[in-house]
Amino acid sequence: FLGTQRHNQIVKRIANSNPLHAKAAKKKKKKTSDASSGGGFGRAPDMQKTKEVNAFSVFPALEEEVAGTLVPSVSELINEPGELPGEIYDRLDQIYGFPNFNSFTPKETTTSFADLISAPTANDNSKISNGDFASLLATATGETIPTSAGEGGGEDSTIDSISKIEPFAKMRVLHIDPLVIAVDNFFTDDECDRYIAISTAPSKNEKDSPFQTNSKTVGKDALAKAQRTSTTWFHHFKSVPELMAKASRLLGLKGISQWEEPQTVRYRRQEKFTWHLDALSPSEPASEIPGGQRIATLLVYLSELNKEDGGATIFRDLSADGTMLKVQPQKGSALLFFPAAGGIPNAPFDIRTLHCGEAVSQAAMQDKWISQLWLREGTYTPTAPAGNNHADATEPIIQYCTDGQI
Ligand SMILES: O=C(O)CCC(=O)C(=O)O
Ligand SMILES: [Fe+2]
């Protein structure tokens, strides 16, 4: 944990460099004045003139006013993992709706997700309507998931033992607005290895096996087709208690009922996932999607790839230390961002979070493996693998949280 003095220095730096710093605090007052007059700090991300530009030109560049709302992080927060400054907890609470992030001094949620996305913010830009982007949105897991009904029941239950997990102490703020956080030591090396193993090795019990899919494209029309060449496994919740418990612990959730099916993804050499947004398409009103909008994306890197190996998670419009924000897979580290709230008011997604999984280079030492989870605003009903449900994970989670065993 950071010493108080250093912590205060960092907060001061953010405050001094960032005219939007008070946004989170003012949010509850439904601030309407325009605070978006320039990000002030840092500069717009480098739009390198490489052939990559073509690959994402299907998504128009951010409008100037939207680009003006971006607030990059500061190098202390990027390079020295530690406890988060209070400013960041305020943002997690007031912009994204996670009052108990990484803590269990229970606070009441005061703002609903609908309020969060409709409240005027510093990012207000009335020129943009979400309809402009509807056709461009590709859902990240639009794969053909078998549609057997979930077999939930008692899905909302609180799992008290989740709070026994120690809070995460090594976090890096990779970007402030929109918020992108890395959590180091999220998984142990053994946990990383186990998740790869349960994906590739058949389960002793056939009905507990993950569901494997190789769907090439997602999205409805040619424009929206994000291309994924990787392989995905959908896990039973009960098979991945470490992931479920830690993910809920991090976000300060009491249970696991809002999480989508946990997935593990393998990218072999040259495999990738092209530019996309994780939010669900606004052409389907969130209110009509069971479980509602995706409000958080959590990836855990299970293998380590250095720069030459490729495989980074890249955010097109975000910058860090003056270049495009590229998150290189670090074994056991998690990456967290928020695809919906925090963007343009009244738009059910944050277009600034456009990202991709960079191709793994042919010469890479190993494949890229990630586990990932999406959080919905309401209770989610899983559909894969057949019979998957949240409730069956309760016992394994309690066991894991209580004696570290699975
Ligand atoms: O593989 C990555 O780094 C990103 C994956 C991703 O964005 C997704 O699956 O939605
Ligand atoms: Fe994604």
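Quick caveat: nothing in here was measured; it's all calculated off a predicted structure. All ligand and atom numbering here is 1-based and tracks the order in the structure. The basis for the numbers below is simple: all heavy atoms, side chains too, and nothing from hydrogens, waters or symmetry mates.
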Donor on one side chain, acceptor on other, Tyr89 and Glu83, under 3.5 Å: yes
Check: Phe337 ring centre within less than 6.0 Å of Phe315 ring centre: yes
Is it true that the side chains of Glu261 and Tyr380 contain a donor and an acceptor less than 3.5 Å apart? yes
For ligand 1, which atoms have a heavy atom of Asp278 less than 4.0 angstrom away? 10 (O)
With atoms numbered from 1 as shown, which atoms in ligand 1 lie under 4.0 angstrom from a non-hydrogen atom of Phe273? 6 (C), 8 (C), 9 (O), 10 (O)
Angle subtended at the Fe ion (ligand 2) by OD1 of Asp278 and NE2 of His276, to 10 degrees? 90°
Could you list the atoms of ligand 1 found under 4.0 angstrom from a heavy atom of Thr313? 2 (C), 3 (O)
With a 3.5 Å cut-off and no angle check, do the side chains of Asp278 and His276 form a donor-acceptor pair? yes
Among Trp275, Phe337, Trp369, Tyr267, which one has a heavy atom closest to atom 5 (C) of ligand 1? Tyr267
Do Thr69 and Arg352 get their side chains close enough for a donor-acceptor pair, meaning under 3.5 Å? yes
Between Thr264 and His235, do the side chains contain a donor N or O and an acceptor N or O under 3.5 Å apart? yes
Ligand 1 and Tyr301, any nitrogen or oxygen pair closer than 3.5 angstrom? no
With heavy atoms and a 4.0 Å threshold, my read on which part of Trp374 contacts ligand 1 is side chain
I need the contact type for Glu358 against ligand 1. Using non-hydrogen atoms and a strict under-4.0 Å cut-off, is it side chain, backbone, both or neither? neither
Validation row, ring centre Phe98 to ring centre Phe338 under 6.0 Å: yes
I'd like to check which ligand 1 atoms, numbered from 1 as shown, lie under 4.0 Å from a non-hydrogen atom of Arg228. 8 (C), 9 (O)
Sub-4.0 Å atoms of ligand 1 with respect to non-hydrogen atoms of Gly357: 1 (O), 2 (C), 3 (O)
side-chain hydrogen bond (donor to acceptor under 3.5 Å, both in side chains) against Trp233, all qualifying residues, sequence neighbours excluded: Gln212
Just checking: Cys356, one of its N/O/S atoms, less than 2.8 Å away from the Fe ion (ligand 2), yes or no? no
Which atoms from ligand 1 have a heavy atom of Ile370 less than 4.0 Å away? 1 (O)
Ring center gap for Phe187 and Tyr195 short of 6.0 angstrom: yes
Using a plain distance cutoff, I'd like to know if Lys368 has any nitrogen or oxygen under 3.5 Å from a nitrogen or oxygen of ligand 1. yes
